[in-house]
> 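Okay, here's the structure, questions in a sec.
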Amino acid sequence: MSLEARLAGALREAAREAYGVELDGVHVERPNEAAHGDFASNVALANAKVFRRNPREVAQGLAEALKAPFVEDVEVAGPGFINFRVSSEAFGEELGGLLSTGEGYGRREPSGAPILLEYVSANPTGPMTAAHGRHAAYGDSLARIMAASGRKVSREYYFNDGGNQIRLLGESVAARYAELFGRERPVSDASALYKGEYIRDIAEALKERDGDRYLDADPAEALPAITSFATDWCMAGIRETLARARSGFDRYFNEKSLYESGEVSEVIEELKGRGHAYESEGALWLESTRFGDDKDRVLVKRDGSYTYMAPDLAYHRDKWNRGFGTAVDVLGADHAGYPPRIRAGIVALGLPEDFLDVELVRLVKLLRGGEQVKVSKRAGNFVTFDELMDEVGEDAARYFYVRSSHRTEMNFDLAVAVQQSDENPVYYVQYAHARIASIFRRAETDPGSIRNVPEGEFAPRSERSSSSSSTSRA
RNA sequence: GCGCCUGUAGCUCAGCCGGAUAGAGCAGCGGACUUCUAAUCCGCAGGUCGUAGGUUCGAAUCCUACCGGGCGCGCCA
């Protein structure tokens, strides 16, 4: 157990002993000022109301009742902070524990209900973009952190290879494919087609594999085959990109499987049965206003097809049925309208409201030397995640993505990310690693072989400043 | 118009379930050291925490209004 946790426990015990008060969140931190000790706590201040006494008095009482042999000195300071000085033996023990545990240090054993983390979930209509990159970096980091702090996590990528966007992808590829043979394929709305360079790549790959067999074929047969080839091509590319970014998934969940298993129609029936779905204007609506949404949402369109809500609700119910305690959805900020309605649907299905946790990731603004990089998806002019990694490297890409909170818009300056200078934090980290490795190489020592800390080599920082002249610590 | 997010040092960002002089890195200024990769180390300066009110013993943090930026308000996903 960490020193912070041990101190928090001791404070909780002292509160029970001295005041008969049961505290839940006890905050112990490392103060900014070394003069304030090795650790400090604001319990007395934060819980003054619970104790019904003035903070200084409470702090004094807690300090007196504290039973913690590893604490050398306790003092009450300022408006009611409790400052601790910890013995160097305790620090030595902690360091010894750190060295022997190695990379496992600080990790917790898994416990509690597993979490389903869904992220990226981009439909296979093209390569991953720089915006998706932020999702991959954030989601992967979140998964690692949750796992390290003792939660079982499953990562899923939910995709749909059958919707309207996919149809457009198929049309786009078919048009390009025809062009490769010098033909023109009639399309209903040329402006809606995807224009990216990759469309040509897909068409060429298709020509490579199947030759001209779709050229004069019945479109009713050719188009599905072309579309299927295109989505497979995109999905394979996405998987490659994700692997390169070291962001793996336990499962790629195809929306289609929810129709095949009957779960979509089940969900509709269940909502009807619960009285939360009604028909109006020829469509079937979810009564989501009853559960906090702005307006009711269509589940089944007038033409009989489903909106995305239907399979999405089926997917979330499927997550619940698989035994997950929490579903975390990482979505783009352009889906801001989504959480209230899907939550409404979840509650309407009788699942707990807090089952779903949605994290919205803001957009990435790409800069190059302070100048904004213009992107236009419509014109097929965008920066792919692969191009970004080509330019700055995988590590720098991930570092910058995760550097600032996912909730704020971020500026990603490609020019800075490749600089080998003080301005580039990635370079700093890499350089620090190189230097440390160099030291160990010269010392002819393997850092992994260090098992115990010689007495007096390390000291808590409250002792460091005062006794710096006595011992040199390299 | 309504809703959600956001505005902290010249720049990029922490801090935001209220608490000790508001932090870091970079950039700036001053100094040290000629080396285990100087792409180093130490120090200094720099902030009306968007603005105005309110709650509180105490507000960057909570509440209200306003200003600026982003996103959303489809029988698209």
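Numbered from 1 within each chain, the chains take letters A, B, ... in sequence-line order.
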> Flag the pair F355(A) / H316(A) as yes when their ring centroid distance falls below 6.0 Å, and as no otherwise.
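For F355(A) and H316(A), the ring centres are not under 6.0 Å apart.
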> Figure out the CG/P separation between N254(A) and A77(B), and round it to whole Å.
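Rounding to the nearest Å, CG of N254(A) and P of A77(B) are 15 Å apart.
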> Roughly, in whole Å, what's the span from CZ in R343(A) to P in G3(B)?
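After rounding, the gap between these two atoms is 18 Å.
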> Closer than 4.0 Å, any side-chain N/O of T307(A) to the OP1 or OP2 of C75(B)?
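No, because none of the side-chain N or O atoms of T307(A) sits under 4.0 Å from OP1 or OP2 of C75(B).
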> Whole-Å distance between C26(B) C1' and F400(A) CZ?
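Answer to the nearest Å: 11 Å.
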> Heavy atoms from C-beta onward define the side chain here; which of U12(B), G19(B), U37(B) lies closest to that of F81(A)?
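Of the candidates, G19(B) comes closest.
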> To the side chain of K301(A), which of C76(B), C71(B), A20(B) is closest?
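Looking only at side-chain atoms, K301(A) lies closest to C76(B).
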> Using whole Å, report how far CD1 of I342(A) lies from P of G72(B).
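Checked: the CD1 to P distance equals 18 Å.
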> What is the separation between atom CE on M410(A) and atom P on G7(B), rounded to the nearest whole Å?
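One finds 16 Å between P of G7(B) and CE of M410(A), rounded.
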> Which part of the nucleic acid does D294(A) contact within heavy-atom distance under 4.0 Å: base, sugar-phosphate only, or nothing?
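D294(A): no heavy atom of the nucleic acid under 4.0 Å.
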> Side chain of A40(A): nearest nucleotide among U37(B), C75(B), A20(B)?
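When the side chain of A40(A) is considered, A20(B) is the closest of U37(B), C75(B), A20(B).
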> Round to the nearest Å and state the distance from E359(A) atom CD to C5(B) atom C1'.
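Going from E359(A) (CD) to C5(B) (C1'), I get 12 Å.
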> Evaluate R134(A) against F412(A) for side chain to side chain contact (heavy atoms under 4.5 Å, CB included), listing each step before the verdict.
CA-CA 10 Å; R134(A) 189 177 195 192; F412(A) 191 147; over 6 Å; no
> Whether E156(A) and R322(A) form a salt bridge (side-chain N of Lys/Arg under 4.0 Å from carboxylate O of Asp/Glu) is what I want to check.
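Here R322(A) pairs with E156(A) in a salt bridge, since their nearest N and O are under 4.0 Å apart.
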> From the list U37(B), G69(B), G19(B), which nucleotide is the closest neighbour of the side chain of R442(A)?
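Ranking U37(B), G69(B), G19(B) by closest atom to the R442(A) side chain puts U37(B) first.
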> Would you call Y138(A) and D140(A) a side-chain contact if the rule is heavy atoms closer than 4.5 Å?
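Answer no - side chains too far apart.
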